[in-house]
Amino acid sequence: MNIDVDITSPVPPYEQVRAQIADLAAAGALPVGARLPSIRQLASDLGLAPGTVARAYRELETDGVVTSRVRHGTTIAPRRRPPASQTKAGLASAARTYALAVRSLGMSQDAAFDALRDQFGSL
């Protein structure tokens, strides 16, 4: 697991850690059941206070990204599927945003589809 924290960033360190772990889990780079380093170990590796990493882990647990159990550590949780209505609405929103971006770039619909296919192919 490769996490970088920029102490000069206006984003708090706990949020940087939380966001990077959530992104790694969503992308599948951290598979379901993968064990995260202990709070003390990750804090030491990143040069952060243990409380900072503990906060990131707590927020990840609240979001359902990880589960924490005493003596078993913190692991990546199974992904929850949103209700179909949310999925459909989210997809429509993303499609609209993409279509507006494509139009603002002056690109054709065919070029947009090609770019989208390329992105799916690289996942």
Side-chain angles (χ1 to χ4, degrees):
M1 180 170 70
N2 189 18
I3 295 177
D4 297 311
V5 176
D6 179 3
I7 58 170
T8 64
S9 172
V11 177
Y14 79 88
E15 176 57 23
Q16 293 179 50
V17 171
R18 187 210 60 77
Q20 289 178 58
I21 291 173
D23 289 347
L24 289 168
L30 287 174
V32 172
R35 211 167 153 190
L36 298 181
S38 70
I39 290 170
R40 286 186 180 163
Q41 182 61 55
L42 187 57
S44 174
D45 292 348
L46 298 175
L48 298 173
T52 301
V53 174
R55 181 169 179 187
Y57 279 18
R58 272 193 314 272
E59 293 201 9
L60 286 164
E61 189 166 22
T62 298
D63 293 344
V65 176
V66 301
T67 56
S68 297
R69 293 184 9 213
V70 176
R71 292 204 280 217
H72 292 281
T74 302
T75 58
I76 300 298
R79 288 161 189 77
R80 289 186 266 168
R81 294 215 166 170
S85 61
Q86 283 183 350
T87 303
K88 195 171 185 179
L91 182 60
S93 176
R96 179 172 173 69
T97 301
Y98 182 61
L100 290 170
V102 168
R103 188 167 281 166
S104 74
L105 292 170
M107 302 301 294
S108 71
Q109 196 175 46
D110 288 337
F113 291 147
D114 290 342
L116 192 56
R117 262 189 233 92
D118 289 347
Q119 288 305 310
F120 271 106
S122 69
L123 294 178

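We number each residue from 1, following the sequence as shown.
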Query - Side chain S93, main chain A89, donor-acceptor under 3.5 Å - result: no
Query raised in the report: When you measure from the side chain of E59 to the backbone N and O of R18, does any donor-acceptor pair fall under 3.5 Å?
Result: no
Query - Verify same cluster id: Y98, L105 (apolar side-chain graph, 4.5 Å) - result: yes
Query raised in the report: Is it true that a side-chain atom of S104 and a backbone atom of A101 form a donor plus acceptor pair closer than 3.5 Å?
Result: yes
Report summary line: Output for pair (L60 CG, T67 OG1), nearest 0.5 Å, gives 11.0 Å
Report summary line: Scanning both residues in full, the closest heavy-atom pair of Q16 with S9 reads NE2-CB, 3.6 Å
Query - Atom pair CD1/CE of I76 and M1 - distance to nearest 0.5 Å - result: 8.0 Å
Query raised in the report: Rounded to the nearest 0.5 Å, how far does CZ of R55 lie from CG of L48?
Result: 13.0 Å
**Report entry** Any donor-acceptor N/O pair, Y57 side chain to V66 backbone, under 3.5 Å
**Finding:** no
Report task. Identify the heavy atoms of A22 and V65 that sit nearest to each other, and give their distance. Result -> CA-CG1, 4.2 Å
Query raised in the report: Out of curiosity, does L116 fall in the hydrophobic cluster containing V102 (side-chain heavy atoms, cut-off under 4.5 Å, transitive links)?
Result: yes
Requested in this report: Spell out, as yes or no, whether a donor-acceptor pair under 3.5 Å connects the side chain of Q20 to the backbone of D4.
Outcome: yes
Query raised in the report: Cluster question for you: counting only ILVMFWY and a side-chain heavy-atom cut-off of under 4.5 Å, with indirect links fine, are F120 and M107 together?
Result: yes
Query raised in the report: Side-chain heavy atoms under 4.5 angstrom apart, residues restricted to Ile, Leu, Val, Met, Phe, Trp, Tyr: same cluster for V5 and Y14?
Result: no
Query raised in the report: Once you round to the nearest 0.5 Å, how far does CD of E61 lie from OG1 of T75?
Result: 9.0 Å
Report task. Could you tell me which non-hydrogen atom of A77 sits nearest to which non-hydrogen atom of G64, and how far apart they are? Result -> CB-O, 3.4 Å
Query raised in the report: Does the side chain of T52 come within less than 4.5 Å of V17's, by heavy atoms?
Result: no
Query raised in the report: Is the shortest heavy-atom distance from the side chain of L30 to the side chain of L36 under 4.5 Å?
Result: yes
Requested in this report: Give, for atom OG1 of T74 and atom CG of L42, the distance between the pair rounded to the nearest 0.5 Å.
Outcome: 10.0 Å
Query raised in the report: With hydrophobic residues grouped by side-chain heavy-atom distances under 4.5 Å, do I3 and V53 end up in a single group?
Result: yes
